[in-house]
Protein chains: 2
Amino acid sequence: MAPNRGYIETVFGFVETWETLSDVEAVMKAISLIVAELGFSSFIVTGLPLLNRPLEPLVLLNCWPDGWFERYCSQNYFEVDPIGQNVLATSSPFLWDRAPYRRDKTLSKQMMGEAAEFGLHDGFCVPICSATGWQSAFSFAHDRKIDAGPKELAAAHLLALTAYGRLRVLIGEAPPARRRLTPREREVLVWAAAGKSAWETSALLGISEATVITHLDHIRRKLNAANTTHAVVVALRIGELQPC
Amino acid sequence: MAPNRGYIETVFGFVETWETLSDVEAVMKAISLIVAELGFSSFIVTGLPLLNRPLEPLVLLNCWPDGWFERYCSQNYFEVDPIGQNVLATSSPFLWDRAPYRRDKTLSKQMMGEAAEFGLHDGFCVPICSATGWQSAFSFAHDRKIDAGPKELAAAHLLALTAYGRLRVLIGEAPPARRRLTPREREVLVWAAAGKSAWETSALLGISEATVITHLDHIRRKLNAANTTHAVVVALRIGELQPC
DNA sequence: TTGACTCTCCTAAGATCTTGGGATGGCGGA
DNA sequence: TCCGCCATCCCAAGATCTTAGGAGAGTCAA
């Protein structure tokens, strides 16, 4: 037990100081050090894309080995990546080799083989989901087989959750480009996508149900959608709704 | 740092052994000890009701002071509880006094006053969302003002997530692997995503409207979705629906 | 100042969805 | 053969959404 105490202290030390990290660079450096101490060689923090939308804009931190991210994106590997697909189906952290091959097994194996060539042999993935159901993940990678016990993985879990929270605060102020929906409309639509009724959304936002109904009406008109379900799909397709 | 090490070791010790806890009683005892060591006096682990539904059936562990839970339920306090309402709107842990008063402020303050009489003066709440999108929470309470630093809260956060995962497994409500949609169901859902009503879909597929409604019903149940809009989003997330 | 836009709130009817309960026939595996 | 799953169909009440009108208050820029 004694020899393990080092990284635990490190993680808790990070937890204690992360509020003082004022920019993404600082967070990245801090995380990199801890990730190495936990016995991993690289990592990525990212939201998960839907509808064949690109992965790039959802990435919060990319510390994968040089070239692999570009390869991954250009080949649209997310669609066949068993780890990526498994994150969408679970909310518990898992070791990479526990992720089932869900879709095209040949392509998946080819992808995992390529990943290994880039030094991604094994890993640990922490799914992170927000209140609206959009999922993100903090994935730790290693260039050989991982030999980590429950404590190391728990420390990684805690690190992932804490770091992600801080990153969202730091990055969340990105000024959006020209958009067709107003901020309030987008907010209403996010909750609709999460399955909330107009009444539920009104309670969540602290406004009247009538106002939510009006917002949804405007959304349908702007997006030329037949109903709210269609509006959500259209919004996802044109990037008005980010699964993040 | 030295004086803080006790509870950290305790939490990590729990993380290491929780897989061996084979019944709810054992988990409750283990959690109770750690919660006390972290400086809290009581706690509750529960799912969150929507739409005036009762709270009772969603409770996994209730270690609140005697009588308060009964009072809370009989008065339907969840509807005015700022902590309960805030959990629905956020996914990050928060201290009770950070939760905004969203609705009837008078009733909310009355409720919080009553809670204080029962020994719930302050607390820390960890929202938890599962892969299915249903939200739960692990709420730690204390009978006086909390004096907890980031490390204690981080430990509580980790404890909440780990314990909740184990409870879900033990209670058997662990999200069983999502059943896949049948080809017909997928076909119906594709048209729903395109904004078609049940009647329109029935005409497109050459079947009755009743059949389409039945398919949508089955889809919602399989995907644990609150409504068809939610079902479409879930299906997209888990890859049941391909982008058209 | 005016106009455009946003956010808020309201009523009300009719369409649609949701939920509960049924039923039949076919198909394939144990 | 029996059982489970699939696809199809039906009814009905109640909840929710959709559509069509309206209105007031605030911001911002021309």
Side-chain angles (χ1 to χ4, degrees), chain A residues 175-235 240, chain B residues 49-54 57 79 89 100 102-105 132-134 176-235 240:
Chain A
R178 167 189 301 202
R179 299 231 166 148
R180 304 165 70 180
L181 299 184
T182 70
R184 200 53 155 174
E185 285 165 352
R186 205 169 297 116
E187 206 170 358
V188 166
L189 194 57
V190 164
W191 288 114
K196 306 299 181 194
S197 69
W199 183 88
E200 289 170 326
T201 300
S202 76
L204 286 162
L205 298 181
I207 58 181
S208 82
E209 184 183 1
T211 304
V212 173
I213 291 173
T214 302
H215 283 312
L216 287 171
D217 191 20
H218 292 163
I219 292 166
R220 284 192 300 272
R221 291 172 195 274
K222 285 186 179 180
L223 300 183
N224 205 17
N227 53 36
T228 300
T229 301
H230 194 198
V232 167
V233 174
V234 171
E240 280 284 2
Chain B
L50 286 180
L51 272 173
N52 283 329
R53 291 233 169 82
E79 296 299 319
R102 286 169 177 269
R103 302 173 71 181
D104 189 321
K105 210 166 176 174
T132 56
W134 300 125
R178 255 185 270 254
R179 283 179 295 166
R180 303 214 86 211
L181 300 184
T182 68
R184 201 53 157 173
E185 285 165 351
R186 207 170 294 116
E187 207 170 357
V188 167
L189 195 56
V190 164
W191 288 115
K196 305 300 180 192
S197 69
W199 183 88
E200 289 171 321
T201 301
S202 77
L204 285 161
L205 298 181
I207 59 181
S208 82
E209 184 183 1
T211 305
V212 174
I213 290 173
T214 302
H215 283 314
L216 287 171
D217 191 20
H218 293 163
I219 292 166
R220 283 191 301 272
R221 291 173 195 274
K222 285 184 179 180
L223 301 183
N224 278 322
N227 53 37
T228 300
T229 301
H230 194 198
V232 167
V233 173
V234 171
E240 281 285 0

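In the text below, chain A, chain B and the rest are named by the order of the sequence lines, each starting its count at 1.
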Study note, to complete from the structure: Among the nucleotides C/dC7, D/dC17, D/dC6, whichever has the atom closest to the side chain of B/Lys222 is D/dC6
Review point. Looking at CZ of B/Arg184 and OG1 of B/Thr211, how far apart are the two atoms once the value is rounded to the nearest 0.5 Å?
Key: 9.0 Å
Check your understanding: Atom NE2 in B/His215, atom OG1 in B/Thr182: separation rounded to 0.5 Å?
Key -> 6.5 Å
**Study point:** Nearest-Å distance for atom pair NZ/C1', residues B/Lys196 and C/dC17
**Key:** 17 Å
Practice item. May I ask you to verify if any side-chain N or O of B/Ser197 is less than 4.0 angstrom from the OP1 or OP2 atom of C/dA15? Key: no
Review point. Which whole-number value in Å describes the distance from A/His218 NE2 to D/dT19 C1'?
Key: 12 Å
Practice item. Enter the distance from B/Leu204:CG to B/Trp199:CH2 here, rounded to the nearest 0.5 Å. Key: 9.0 Å
Point to revise | Validation row: B/Val233, A/Val232 side chains within 4.5 angstrom (heavy atoms) | key: yes
Review point. Roughly how far apart are A/Arg220 CZ and A/Leu189 CG, rounded to 0.5 Å?
Key: 10.5 Å
Practice item. Measure from the side-chain heavy atoms of A/Asn227 and tell me the nearest of C/dC7, D/dA7, D/dT18. Key: D/dT18
Exercise for review: Specify the separation, in whole Å, of atom CZ of A/Arg221 and atom P of D/dT19.
Suggested key: 7 Å
Check your understanding: In residues 200-214 of chain B, which residues come under 4.0 Å of DNA chain C by heavy atom?
Key -> B/Ile213
Practice item. For D/dT8, take OP1 and OP2 only and decide whether either is under 4.0 Å from a side-chain N or O of B/His215. Key: yes
Review point. Does A/Arg186 use its side chain to pair, donor to acceptor, with the backbone of A/Leu181 at less than 3.5 Å?
Key: yes
**Study point:** Side-chain ion pair, A/Lys222 and A/Glu185, N-O less than 4.0 Å
**Key:** yes
Practice item. Check the distance between C/dC27's P and B/Arg184's CZ and give it to me in whole angstrom. Key: 16 Å
Review point. Atom CD1 of A/Ile219 and atom P of D/dT19: how far apart are they, to the nearest Å?
Key: 13 Å
Check your understanding: B/His230 has an atom NE2; how far is it from atom C1' of C/dT18, in whole Å?
Key -> 16 Å
Check your understanding: Under 4.0 Å: is that the gap between some side-chain N or O of B/Thr182 and OP1 or OP2 of D/dC5?
Key -> no
Practice item. Whole angstrom is fine here: how far is it from CZ in A/Arg220 over to P in D/dC17? Key: 10 Å
**Study point:** Whole-Å distance separating the CG atom of B/Asp217 from the P atom of D/dA15
**Key:** 17 Å
